[in-house]
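Order of listing sets the numbers, starting from 1, for every ligand and every atom in it.
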Amino acid sequence: MGDARITLDPRFTVGTIDRRIFGSFVEHLGRCVYDGIHEPGHPTADSEGFRADVIDLVRELGVSTIRYPGGNFVSGFRWEDSVGPVAERPRRLDLAWHSTETNEVGLHEFSSWLDKVGSELMLAVNLGTRGVLEALDLLEYTNIRSGSTLSDQRIANGRTEPFGVKMWCLGNEMDGPWQLGHRSAEDYGKIAMQTAKALKQMDESLELVVCGSSSAHMPTFGDWERTVLEATYDDVEFISCHAYYEEKKGDTASFLASAVDMDHFIESVVATADGVRAAVGSTKRIDISFDEWNVWYIDRYHADDKITDIEKWPVAPRLLEDVYSVKDAVVFGSLMISLLKHADRVKSASLAQLVNVIAPIMTEPGGDAWRQTTFFPFAVTSRLAVGDVLRLSIESETISTEVYGEVPTVDAVATFDGETGRSAVFLVNRSMTESVTVTVGLGGLDSSEILESVSLWDDDLMAANTLEDQERVGLKSNDSASVSDGTLTVTLPPVSWSAVSLG
Ligand code: AHR
């Protein structure tokens with residue numbers, strides 16, 4: 001049994017949590033939209049064809065903003081295809097995922113679904129195969145009240161009120177050679193700057209996200225951020241980060257330490273953005289939109305047979321349907337800890353994705369919807385992490401990893417809500433063999449009661465929830481938690497994620 005000590009003080013804060021950090025991502029990819037959120041023939045489908053069982057799970061997950069409609073998909077997307085009478089919408093080849101897009105669900109339908117789940121729309125524009133004009137047209141269609149051709153077209157299509165979309169992504173992963181319309185940092189910086197200026201000429205209150213790197217391991221990482229921000233600094237509010245983690249070659253220790261990479265990624269982008277701020281002589285601060293993050297077994301996806309016969313590109317094929325284990329969920333929980341630890345600069349984040357595609361929620365056509373292991377850390381963190389993130393001092397033993405060297409066994413983040421007086425601590429134990437007893441000195445926190453204490457762990461690290469066994473994995477009550485004399489004590493099982501809420 002190991003031990004660790006954490007000290008906090010509610011007067012020392014990192015920053016206030018922006019609820020947009022609990023966002024997600026819905027792409028027209030695989031069965032995320034069709035046969036996922038939308039399945040008209042399903043027994044729970046509502047009058048618009050949306051599955052009520054999925055709506056309930058998304059609400060339970062606690063998702064703030066949802067990025068849409070891609071992802072790689074957006075770089076070949078013509079937004080006009082997705083509005084107007086459904087029967088007249090074109091069927092298009094989706095070059096990103098070798099699928100057929102029916103456009104049965106488009107902007108109006110998706111927005112209506114967002115109202116049902118209680119989330120806000122974050123729209124991505126196509127800067128791969130399209131440009132400034134099409135982005136402006138989309139903004140006119142979505143946000144102008146009336147009196148122009150495109151706003152009146154929206155009204156004619158059944159939506160009187162503007163959609164009022166505040167956050168806009170200027171393309172997707174434009175640094176990636178796989179992206180339709182992939183560009184150099186200089187070329188992308190130029191079109192992103194022109195698009196941003198044009199969009200703000202129509203509505204200066206928009207919040208714009210310029211594409212950062214699609215991973216901290218891209219050969220252009222760092223230079224890409226600097227070049228793109230030099231071109232767009234005055235015109236954007238956010239730069240994006242994307243990161244996916246998987247266990248490689250059976251190296252579990254390094255996989256469990258994936259959040260070290262996320263910490264480094266965030267801190268490097270913040271440093272680069274602040275360097276550009278000095279260089280361009282600005283007082284404005286650029287924040288991070290971590291708008292794709294998750295565990296994703298991308299190597300398995302690349303090893304799969306690809307759909308090649310263009311005459312037969314399917315509608316909503318089963319793609320990227322990773323089944324998440326307990327181990328994956330512990331890493332996932334630690335990634336949420338990393339995002340929260342940087343709450344001063346990470347003001348928006350999107351779990352990629354939401355349903356069926358590398359998702360916390362799975363569905364079977366005509367059948368059930370269920371929670372993957374990763375559902376639990378997200379839902380609990382979104383519900384309990386309220387108010388400010390506190391600055392912690394963490395003293396922990398270390399574990400050795402091949403990729404990251406010596407890494408603290410325990411990582412944690414704590415939050416305090418000044419309005420309710422409630423606080424929460426989120427912890428991960430990366431040791432594969434040892435339980436760790438953690439003592440948390442609560443400083444001036446007036447907390448004497450444990451309101452909730454849960455852990456995610458299992459003797460079988462590969463345990464998962466599947467169609468056949470949908471509730472194999474869930475949260476376990478952690479009864480080791482106690483508070484006395486201003487100290488919280490809790491024991492963390494090996495390879496576990498935990499949350500303790502105090503009042
Ligand atoms: O989320 C799956 C894909 O990952 C997205 O379409 C793309 O942006 C990223 O490479």
Margin query: Would Tyr68 and Phe110 count as a ring pair (Phe, Tyr, Trp, His ring centres under 6.0 Å) here? Give the steps.
Written below: CA-CA 9 Å; Tyr68 177 83; Phe110 189 67; 3.8 Å; yes
Mind checking whether His108 and Phe163 have parallel, tilted or perpendicular rings, split at 30° and 60°? perpendicular
Contacts for ligand 1, heavy atom under 4.0 Å, by chain and number, are Phe25, Glu27, Gly71, Asn72, Trp97, Asn172, Glu173, Tyr244, Glu292, Trp296, Gln353, Ile358
| task | Could you tell me how the ring of Phe290 sits relative to the ring of Phe265: parallel (under 30°), tilted (30 to 60°) or perpendicular (over 60°)? | result | perpendicular
Practice task
Could you go through the side chain to side chain contact (heavy atoms under 4.5 Å, CB included) check for Asp53 and His42 one step at a time?
Solution key: CA-CA 10 Å; Asp53 55 351; His42 191 271; 3.6 Å; yes
Taken in chain and number order and not counting sequence neighbours, the residues that satisfy side chain to side chain contact (heavy atoms under 4.5 Å, CB included) with Ala271 are none
Specify whether His28 and Tyr34 have parallel, tilted or perpendicular ring planes, treating 30° as the upper limit for parallel and 60° as the lower limit for perpendicular. perpendicular
